[in-house]
Amino acid sequence: MNRNIVIVSGPSGVGKDTIINAWKALNPRVERVVTFTTRKMREGEENGVDYHFVSERVFLRMAKAGDFLEHKEVHGNHYGTPVQGLAEIVDAKKIAVLKIDVQGALTVIPKLPGVLSVFLMPPSFEELERRLKNRDTETDAQIKTRIKNAKREIAAAVHYTAKVVNDNIDRCVQEIQGIYEAAAR
Ligand code: 5GP
């Protein structure tokens, strides 16, 4: 049950998007569930691809209607995982990947028995800080908060099926594919 759903989680800036995209390139059955958010679109992002960008009013209405498997407020914005988007990917016999933060993952793991959950670890906190700075999308104060949160979040890694260090994209993706194959057997 839920063997074809994989949660990819970990601290902000650890490289969740990069790893999911690289895994999809290796395994075309991989399909990310597009989640909903009320945060502003960043340059280069596309509605319906990176997120479904919605207003707070629409988001709260959907939350009330039970359209989300989980929803959370992260760094002042709302994020939610759509039940329907997930079901569509599973019904199409693909591997549904949930890219969610640590709080969200801890809510979803008990709701989906047998789900595979991967906690992406930064090689070090120095490297995480460097990646967040390079991304150039957060202020220095926001980076500080995200690093502080990351230190707390890493303690939650024990609740996941596997902990994978994102030190090298190819190596990391091979490890995730291997974990998936072993679990699917
Ligand atoms: P960002 O604003 O940088 O895209 O994402 C901020 C955080 O929200 C990231 O850690 C991301 O994984 C998380 N996130 C994205 N979508 C969801 C979701 O549907 N639910 C939860 N709980 N977190 C999400």
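Whatever order the structure lists ligands and atoms in, that order sets their numbers, starting from 1. Just so it is clear, the structure is predicted and the values come from calculations on it, not from any experiment.
- Looking only at heavy atoms of the protein, atom 20 (N) of ligand 1 is closest to E70 OE2, 2.6 Å.
- No hydrogens or angles considered: nothing links the side chains of N149 and R146 as a donor-acceptor pair under 3.5 Å.
- Distance from atom 16 (N) of ligand 1 to its nearest protein heavy atom, with residue and atom name: T35 OG1, 3.0 Å.
- Residue, atom and distance of the protein heavy atom nearest to atom 10 (O) of ligand 1 are K16 NZ, 3.3 Å.
- Applying the side-chain hydrogen bond (donor to acceptor under 3.5 Å, both in side chains) criterion to T161, with sequence neighbours excluded, gives S117.
- Within ligand 1, the atoms closer than 4.0 Å to a non-hydrogen atom of T81 are 18 (C), 19 (O), 20 (N), numbered from 1 in the order shown.
- Using a 4.0 Å heavy-atom cutoff, K40 is absent from the residues neighbouring ligand 1.
- Annotation: atom 2 (O) of ligand 1 to nearest protein heavy atom, Y79 OH, 2.4 Å.
- Not close to ligand 1: Q103, with no non-hydrogen atom less than 4.0 angstrom away.
- In R146, the part holding a heavy atom less than 4.0 Å from any atom of ligand 1 is the side chain.
- Using a 4.0 Å cutoff on heavy atoms, R42 counts as a contact of ligand 1.
- The distance from ligand 1 to the heavy atoms of R39 drops below 4.0 Å at these ligand atoms: 1 (P), 2 (O), 4 (O).
- Between the side chains of E56 and T38, not a single donor N or O lies within less than 3.5 Å of an accepting N or O.
- Inter-residue side-chain proximity for I7 and L116 is flagged as unmet; no heavy-atom pair is nearer than 4.5 Å.
- Within the structure, ligand 1 lacks F68 among the residues with a heavy atom less than 4.0 angstrom away.
- Here the closest heavy-atom approach between residue V164 and residue C172 is recorded as CG1-SG, 3.6 Å.
- Listed by number with element, the atoms of ligand 1 under 4.0 angstrom from any heavy atom of K99 are 12 (O), 15 (C), 16 (N), 17 (C).
- In this structure, F36 has its ring center under 6.0 Å from that of F68.
- For the residue pair K72 / T107, a side-chain donor-acceptor distance below 3.5 Å is found, with atom types taken as modelled.
- Defined by atom type and a distance below 3.5 Å, a donor-acceptor pair is missing between the side-chain atoms of D67 and Q84.
- Distance from atom 19 (O) of ligand 1 to its nearest protein heavy atom, with residue and atom name: G80 C, 3.0 Å.
- Y51 OH, 2.5 Å is the protein heavy atom nearest to atom 4 (O) of ligand 1.
- With respect to atom 23 (N) of ligand 1, the closest heavy atom belonging to the protein is D101 OD1, 2.8 Å.
- Y79 and Y51 have tilted rings, their planes meeting at an angle from 30° to 60° on a 0 to 90° scale.
- A 6.0 Å sphere centred on CZ of R42 holds more than 12 heavy atoms belonging to other residues, nucleotides or ligands.
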